[in-house]
Amino acid sequence: MTAPLASTTLSARIDAVLAEAFATAGLPVEGARAARASRPELADLQCNGALPLAKSQGQNPREIATAIAAALAGHPALDSVEVAGPGFINLRLSARFLADCATAQGSDPMMGLREVPRRMVIDFGGPNVAKPLHVGHLRSLVIGESLRRILAGLGHHVVSDVHLGDWGLQMGMLVAEIRRRWPELSCFATPPRPPASLPFDMADLTLLYPAAAAACREDPDRMAEARADTAALQSGEPGHRMLWSAMRALSLAAQTRDFATIGAHFDLLLGESDVQPLIPGMIEDLVERGIAIPSDGALIVEVAAETDARPMPPLLLAKSDGAALYATTDLATILERVQRFPDLAAIVYVVDQRQSLHFEQVFRAAARAGYAPGVTLTFAGFGTVNGPDGKPYKTRQGGVAQLADLLDEAIGKAAERLAPRADLDDDARARLARTIGIAAVKFADLSSYRTSGYVFDPERLVSFEGRTGPYVQYACVRIASILERAAAEGHAPGAIAVIEPAERALVLDAARLPDIVASAAANLAPNELADFVFGLAQSFSRFYADCPVLAAPDPDIRASRLALCALTRAVLVHGLDLLGIAVPDRM
RNA sequence: GGACCCGUAGCUCAGCUGGAUAGAGCGCUGCCCUCCGAAGGCAGAGGUCGAAGGUUCGAAUCCUUUCGGGUCCGCCA
């Protein structure tokens, strides 16, 4: 969905060298790409491009590889070129070339990689009014925020929208429940007046919804009442609107606090309610054009295609009583976004995987209606957070686990660990605990692939050792500490020389950042980036153990290693930033 | 009934368009702080990649079948 604008990355430079060699050998250049060597003791990079050419060229793959290797021989970027196994071309990069790349990356971690800018809306978060954020929202918020940063970092004009669930039957249920409990509220009087204050707070409100939903499930009369209130709200009855507006503000305030804690940024705080004015006209348009058709009293849009391998049920646009449904709202939201952003090129939905069929229907309906010409609609579903039983996570009490509680637990655990530290005042300690605790939770969530669900394990989410956010933060902090000491002793970073194996590994690893970011963007998969930062932090830890920096054998090596430290830190900090994870000065 | 996703080490998970000896973390065993921060490093044990076929020079990866788990399927969102 994106195209590179410019790149002077290590891989791009080597690919160009390979392409030239392929051409010299009279071969098509499609396979002229280098990958990380699967056996680092044999090579830095390997090219497998000779193998698939065997058939079309009618030659033994080793012969093809040998021809390519001959064309590569003596290139200044390469120290050695060897053909191995069935036809792998093993490349050892020259120290000079590596130093060049590392130096370039020192001033720009992304090595100039940008993409042709496009306007994108990214839709994530999606909390419902009156429901607190729970652990299920973690994935949407954390993945969505990271994708927002990754896409923006590549130069795209990204707009994030939280898409509140603030419309529909749930709101009617709440109104009905509240009227039963507080009939004296001024919004129920005639004429209705906005309530000066509400008799409930957010904590009460979060209990009202499950109570109302349970009542409606058990009692058809209560359900009928909720439907009537929903209809009244949607038709604009003033008292209903007043109460609705107050509830919405109350829960949005609480949710905004959670967004701030977890570091999710929203450019727009729009919701389902904001597109309701567009719906009557949209339905009229769809009916007039014959796209929406009556079926059993309801209004549907057929979205099945003849080429479908699987059945595609129609999209239900309006119920038999005329009321709109969430598919209607989601379709109208596309219209709204296209109107708001004339240059819109893509909408990315970071939504629960279970809604994939629903969005497929909405996307097809939008295509049939021509509502989003030239706009790529992408469903980036994520898996559910499960309990040990493999089903969506519930607390021991049977309720959902609140996100704020999980974050508090992680922050508390970090604070505990920092408690003995005398060098921090209370305020600094609290801020640091927050930075570390949040990093632990976010990194753990970002580590698994977007679509796979994972088992919710608080122990793992708030762990600080091993493959965790704090481990990567720790690497950054140690580097900062070395650089500080060096500066105090009057030593500055200097020209990079790649000598030791650990130095080579570090430079090769760091240089992958732009490739990883591009891939993470293309696949909408922040876990690739999480994997990368952890691997680079590991490479640094090995370098740190093997190669003394301040106590290096001579001043040139010390200057080079200081530059490598600075480079590594810049790349790690940039990668973590794209994941939405901050780095403290000390920890 | 129909469709989609998943099944990889004791546990939790990676594994990018098929490529050499399938990885990480946790847990377990043993080393390493008079040496730049041990939230660390090194070494080790642990896998018929659910099963069976097929495509291919080559399969955890692609196709078919099968078993097991999860999810969704017009008047909730």
Side-chain angles (χ1 to χ4, degrees), chain A residues 33 35-39 42 46 48 51-52 54-55 60-61 84-88 90 126 128 165 167-170 173 213 216 272 295-301 309-321 323 325-327 329-330 352-358 360-361 381 383-384 386 390-392 414 417 436 440 444 447-449 451-455 457 459-460 463-468 470-475 477-479 481-483 485-486 515-516 519-520 522-523 525 527-528 530-531 534-535 537-538 541-542 544-552 561 565 586-587:
Chain A
R33 276 173 299 137
R36 273 224 287 186
S38 57
R39 297 181 60 180
L42 297 181
Q46 67 185 74
N48 301 334
L51 296 162
K55 190 160 281 178
N60 175 319
F88 303 116
N90 284 336
N128 289 324
W167 208 245
L169 183 60
Q170 57 185 354
M173 287 180 177
C216 289
E272 296 171 339
S295 167
D296 295 338
L299 217 46
I300 62 167
V301 177
R310 54 180 180 160
M312 179 60 58
L315 175 137
L316 191 56
L317 194 66
K319 299 198 287 185
S320 40
D321 67 2
L325 289 135
Y326 82 131
T329 301
D330 283 327
D352 193 311
Q353 190 70 37
R354 287 176 291 189
Q355 296 195 41
S356 62
L357 177 61
H358 160 71
E360 179 64 28
Q361 293 175 303
T384 46
N386 298 320
K391 295 186 176 159
R417 188 168 184 133
I436 296 171
S447 288
S448 61
Y449 184 65
T451 58
S452 46
Y454 64 84
V455 174
D457 176 6
E459 290 286 322
R460 188 176 67 87
S463 148
F464 304 144
E465 270 103 40
R467 195 189 195 286
T468 63
Y471 171 95
V472 186
Q473 288 176 319
Y474 179 70
V477 167
R478 283 200 297 189
I479 295 171
S481 168
I482 294 171
L483 294 173
R485 286 187 54 168
D515 300 328
I516 299 292
S519 174
N523 299 328
N527 69 299
E528 294 181 19
D531 196 50
F534 175 69
Q538 265 186 325
S541 292
R542 293 201 187 101
Y544 178 85
D546 289 359
C547 303
V549 178
L550 296 173
R561 287 181 181 168
C565 284
R586 265 186 286 280
M587 63 189 283

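Each chain gets a letter, A, B and so on, in the order the sequences are listed, and its residues count up from 1.
- When the nucleotides B:G41, B:G15, B:G40 are ranked by their closest atom to the side chain of A:R542, B:G41 comes out on top.
- In this structure, A:H358 and A:Y326 have parallel ring planes: the angle between them is below the 30° cut-off, well short of the 60° mark.
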(Q) Using a 4.0 Å heavy-atom cut-off to protein, can you give one letter per nucleotide of nucleotides 72-77 of chain B, 5' to 3': B if the base is in contact, S if only the sugar-phosphate is, - if neither? (A) SSBBSB
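- The shortest distance between the side-chain N/O atoms of A:Q353 and the OP1/OP2 oxygens of B:G70 is not below 4.0 Å.
- For B:C33, the glycosidic angle deviates from 0 by 90° or less, giving a syn base.
- Comparing atom distances between the A:Q538 side chain and each of B:A24, B:C36, B:U17 picks out B:A24 as nearest.
- Between the side chain of A:S481 and the main chain of A:V477, no donor-acceptor pair closer than 3.5 Å is present.
- In this structure, A:S463 and A:T468 approach most closely via the heavy-atom pair O-CG2, 3.4 Å.
- Shown here for A:F88 and A:Q46, the closest heavy-atom pair between the two residues is CD2-NE2, 3.9 Å.
- Residue-to-nucleotide contacts include a donor-acceptor pair under 3.5 Å from the side chain of A:S481 to the base of B:G37.
- Of the candidate nucleotides B:G15, B:G40, B:G19, B:G40 has the atom lying nearest to any side-chain atom of A:Y471.
- Evaluation of the ring-ring contact (aromatic ring centres under 6.0 Å, His included) rule for A:F464 yields no partner, not counting sequence neighbours.
- Separation of the P atoms belonging to B:C33 and B:A39 is 15 Å when rounded to the nearest angstrom.
- When distances run from any side-chain atom of A:R485 to the nucleotides B:A20, B:A14, B:G37, the shortest one goes to B:G37.
- Helical stems involving RNA chain B, defined as 3 or more consecutive Watson-Crick or G-U pairs under 3.5 Å, span B:1-7 with B:67-73, B:10-13 with B:23-26, B:28-32 with B:40-44, B:50-54 with B:62-66.
- Closest approach to the A:F534 side chain among B:A39, B:G19, B:A24 is made by B:A24 (side chain taken as heavy atoms from C-beta onward).
- No aromatic stack links A:Y544 and the base of B:G41, using centre distance under 5.5 Å and interplanar angle under 30°.
- The residue among A:S541 and A:D531 whose nearest nucleotide of RNA chain B lies closer to the 5′ end is A:D531.
- Put simply, CD on A:E528 is 7 Å from P on B:G15, counting in whole angstrom units.
- To the nearest 0.5 Å, atom CZ of residue A:R561 and atom CG of residue A:L550 are 11.0 Å apart.
- Exactly one of A:V301, A:L317, A:L316, A:I300 qualifies for a side-chain contact (heavy atoms from CB on, under 4.5 Å) with A:S295. That residue is A:I300.
- B:G74 takes the syn form, because its glycosidic angle lies no more than 90° either side of 0.
- Between A:P470 and A:A440, the closest heavy-atom pair is CD-CA, 3.7 Å.
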